*Asks:* 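One structure is given below, represented as structure tokens, and several questions about it will come after.
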Amino acid sequence: MKITCKKKFALCAGAMATVIVYYAFFGVHKTDDRIRLGGAFGLSGNCAAWGEGEMKAAQMAVDESNASGGINGKKINFIIEDTQCENKTTVNAIKKLISADGVQAIIGPTWGDAYQGASAVLHNAKIAGVSPDTAMEALELEHQPIDYIFSTYAPQRKEITALQTYAIKTGIKKIAMVWDQDSYSTMMTRLFKETALAHDMMIVDEHEMPTGNQDFRTIIAKIKSVNPDGVFISFLAPHTKASFLKQTKELGFTGVLLSVADIQDESVLKSFGRLMDGVIYTYPVMSAGQTAFREAYRVKYQADPQGPAAVNAYDAVRIVVEAMRSGASTGEEIKNALLRVRIKGAFIPDFGFNAKHQIDGGDFEVKTVRNGAFVPLK
């Protein structure tokens, strides 16, 4: 007697479920012979000006690797998640890539110093994450586990030193400081204070603000009263930077504003370019390798790389690929291989990680905003 689903629904449903389970656990994994690499980038929210360029640069490196045969004959399946530039969604993105997608390593997350929950997830899962822009000093300050997270961005102490060297040379010695409670901002301000003593600078006023604060008028009035040569600022969100800049102009503050690479934000420049004029900040130096990367990026995307860490995302993929080509496949093996291998990088020529999971090298230049454009200072 023929059994139909109409007459024997439960039996058919059970049979279909068995088929689904079989293919889910056996069929897909038998035929999917690709390397699974995750990407956790801020494609929306406060860090999107960095994350978009990082994602495209990482994809470019993946495409180049696949075009040259992949990793030991296996192509890379690059699985991307949007962290949305928040701690909770960054953690969720990392968890999905590990648990649901089964990635062997992760490029990212964007701003892993601000969204530090990712570090603990990577540590617990024993999956290596190579971030294009994480300040390892911030993770160190917050006592976060770093054994499975690496950064291809230049050490932040070098950035602060470059800024202060310029400031001293131009007579900017009395400094006020304003920052928010984001871990990156706190770390950069702490580094600035520590380094200031070595450079004969004097911190004359300090103000820590809740993250997201938009009203700086009282603080700016206080800063004006102590008459500093300059004010060092570090805020998480672009709109917070814009609010501070706007209010300094409105209250007639004429001192120099000092900041770091994240102030070079095209969205802020587009909306508030006039307010940004005169801000002095640091930015990674363009090397010959970066110039070649920029040209290749333009050919692929018909646009310049967005954000200061795009080239670092490109190198992040390339060094993970090199680690896996050496035979590493598990999280533990990839982590250990990353401490051994070196590549010819685009950001710096001799590219590899030290014991602190940072790169050695990477220089910063000093720039300003002039007539609505970001320009280097000589």
Side-chain angles (χ1 to χ4, degrees), residues 35-42 47 51 54-55 58 61-62 71 76-81 83 87-156 183-184 187 309 312-343 345 351-360:
I35 300 293
R36 289 178 171 264
L37 179 64
F41 303 110
C47 63
E54 292 171 3
M55 180 198 69
V62 168
I71 298 175
I76 301 170
N77 180 15
F78 193 34
I79 306 164
I80 295 169
E81 288 292 322
T83 68
N87 198 52
K88 182 178 180 180
T89 45
T90 296
V91 167
N92 289 341
I94 296 289
K95 285 182 175 179
K96 179 185 179 298
L97 288 168
I98 294 171
S99 300
D101 299 311
V103 300
Q104 295 162 264
I106 290 174
I107 307 302
T110 302
W111 288 8
D113 39 56
Y115 314 122
Q116 295 187 7
S119 179
V121 176
L122 292 166
H123 171 80
N124 291 335
K126 293 181 168 53
I127 294 293
V130 182
S131 171
D133 56 25
T134 290
M136 299 302 290
E137 294 93 338
L139 299 183
E140 178 185 340
L141 177 65
E142 297 292 333
H143 306 291
Q144 290 290 330
I146 67 162
D147 45 347
Y148 282 89
I149 193 162
F150 298 76
S151 179
T152 57
Y153 201 69
Q156 301 297 282
S183 56
Y184 173 80
M187 178 273 301
N312 305 88
Y314 179 76
D315 280 337
V317 171
R318 294 174 63 245
I319 198 164
V320 168
V321 167
E322 187 64 24
M324 297 184 80
R325 281 177 177 162
S326 73
S329 60
T330 68
E332 182 76 13
E333 290 170 348
I334 293 170
K335 178 200 73 170
N336 292 334
L338 285 170
L339 290 168
R340 296 194 308 268
V341 301
R342 302 191 79 83
I343 62 171
F351 199 97
F353 294 111
N354 59 29
K356 291 188 175 183
H357 294 200
Q358 294 176 301
I359 61 171
D360 292 315

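All of these numbers come straight from a predicted model, not from anything done at the bench.
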*Asks:* For a side-chain contact (heavy atoms from CB on, under 4.5 Å) check, start with the C-alpha distance between Val62 and Ile107, then their side-chain angles and the critical distance, and finish with the verdict.
*Replies:* CA-CA 11 Å; Val62 168; Ile107 307 302; over 6 Å; no
*Asks:* Verify, without hydrogens or angle tests, whether Glu140 (side chain) and Met136 (backbone) share a donor-acceptor contact under 3.5 angstrom.
*Replies:*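 Such a contact is absent between Glu140 side chain and Met136 backbone.
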*Asks:* Measure the shortest side-chain to side-chain distance between Tyr153 and Ile359 over non-hydrogen atoms and say whether it is less than 4.5 angstrom.
*Replies:*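 They are not in contact (no side-chain heavy atoms under 4.5 Å apart), so the answer is no.
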*Asks:* With sequence neighbours left out, write down each residue that passes salt bridge (charged side-chain N to carboxylate O under 4.0 Å, His left out) with Lys96, or none if nothing qualifies.
*Replies:*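 Counting only residues at least two positions away or on another chain, Lys96 forms a salt bridge (charged side-chain N to carboxylate O under 4.0 Å, His left out) with Glu81, Asp101.
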*Asks:* Quick one: closest heavy-atom pair of Gly327 and Glu333, and the distance?
*Replies:*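 Looking at all heavy atoms of both residues, the shortest contact is O-OE1, 4.1 Å.
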*Asks:* Check for a donor-acceptor pair, side chain of Glu142 on one end and backbone N or O of Ser183 on the other, with a separation under 3.5 Å.
*Replies:*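 No; zero donor-acceptor contacts below 3.5 Å.
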*Asks:* Per the side chain to side chain donor-acceptor pair (under 3.5 Å) rule, what does the pair list look like for residues 118-127, sequence neighbours excluded?
*Replies:*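 Only His123-Asp147 qualify under side chain to side chain donor-acceptor pair (under 3.5 Å).
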*Asks:* Look only at the side chain of Asp113 and the backbone of Leu139, and say whether a donor-acceptor pair between them is shorter than 3.5 Å.
*Replies:*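 No, the answer is negative, given that no donor and acceptor are paired below the 3.5 Å cut-off.
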*Asks:* Go through the structure and list residues passing side-chain contact (heavy atoms from CB on, under 4.5 Å) with Ile343, not counting sequence neighbours.
*Replies:*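 Expected list: Asp315, Arg318, Ile319, Glu322, Phe351.
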*Asks:* Looking at CG of Leu97 and CG of Asn92, how far apart are the two atoms once the value is rounded to the nearest 0.5 Å?
*Replies:*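 Reported value, rounded in 0.5 Å steps: 11.0 Å.
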*Asks:* Hey, what do you get for CG (Leu37) to CZ (Phe78), rounding to the nearest 0.5 Å?
*Replies:*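 Those atoms lie 5.5 Å apart.
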*Asks:* Applying ring pair (Phe, Tyr, Trp, His ring centres under 6.0 Å), which residue pairs with at least one partner in residues 312-332 are found, sequence neighbours left out?
*Replies:*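 Sorted result for residues 312-332: Phe293-Tyr314.
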*Asks:* How many angstroms lie between CE in Met324 and CG in Leu338, if you round to the nearest 0.5 Å?
*Replies:*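 Result: 10.0 Å between the selected atoms.
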*Asks:* Side-chain contact, heavy-atom cut-off 4.5 Å: Lys335 with Phe150?
*Replies:*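 When only atoms from C-beta onward are counted, Phe150 and Lys335 do touch, with a gap below 4.5 Å.
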*Asks:* Write down the atom of Ala120, the atom of Pro145, and the distance for their closest heavy-atom approach.
*Replies:*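 Where Ala120 meets Pro145 most closely, the heavy atoms are CA-CG, 4.2 Å.
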*Asks:* Keeping Thr83 on the side-chain end and Thr90 on the backbone end, is there a donor-acceptor pair under 3.5 Å?
*Replies:*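 Answer holds: no.
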*Asks:* Give, for atom CD of Gln144 and atom CD of Gln116, the distance between the pair rounded to the nearest 0.5 Å.
*Replies:*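 One gets 4.5 Å once the value is rounded to the nearest 0.5 Å.
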*Asks:* What are the two closest heavy atoms between Tyr115 and Cys47, and how far apart are they?
*Replies:*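 Where Tyr115 meets Cys47 most closely, the heavy atoms are CE1-SG, 4.2 Å.
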*Asks:* Give the minimum heavy-atom separation between Ala118 and Ile94, together with the two atoms involved.
*Replies:*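 Where Ala118 meets Ile94 most closely, the heavy atoms are CB-CG1, 4.0 Å.
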*Asks:* Find the distance between CD1 (Ile127) and CG (Leu122) and round it off to the nearest 0.5 Å.
*Replies:*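 Output value for this atom pair is 8.0 Å.
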*Asks:* Ser131: what forms a side-chain contact (heavy atoms from CB on, under 4.5 Å) with it, not counting sequence neighbours?
*Replies:*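 Counting only residues at least two positions away or on another chain, Ser131 forms a side-chain contact (heavy atoms from CB on, under 4.5 Å) with Asp133, Thr134.
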*Asks:* Kindly give the heavy-atom pair with the smallest separation between Ser326 and Arg340, and that separation in Å.
*Replies:*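 Heavy-atom minimum between the residues: OG-NH2, 4.1 Å.
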*Asks:* Counting only N and O atoms by type, is there a donor-acceptor contact under 3.5 Å from the side chain of Gln104 to the main-chain atoms of Gly102?
*Replies:*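 No; zero donor-acceptor contacts below 3.5 Å.
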*Asks:* Taking side-chain contact (heavy atoms from CB on, under 4.5 Å) as the test, write out the residues that go with Asn354, two or more places apart.
*Replies:*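 Here the qualifying residues are Lys356, Gln358, Asp360.
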*Asks:* Ignoring hydrogens, what is the shortest heavy-atom contact between Ala313 and Glu54? Give both atom names and the distance.
*Replies:*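 Between these two residues, the closest heavy atoms are CB-O, 3.3 Å.
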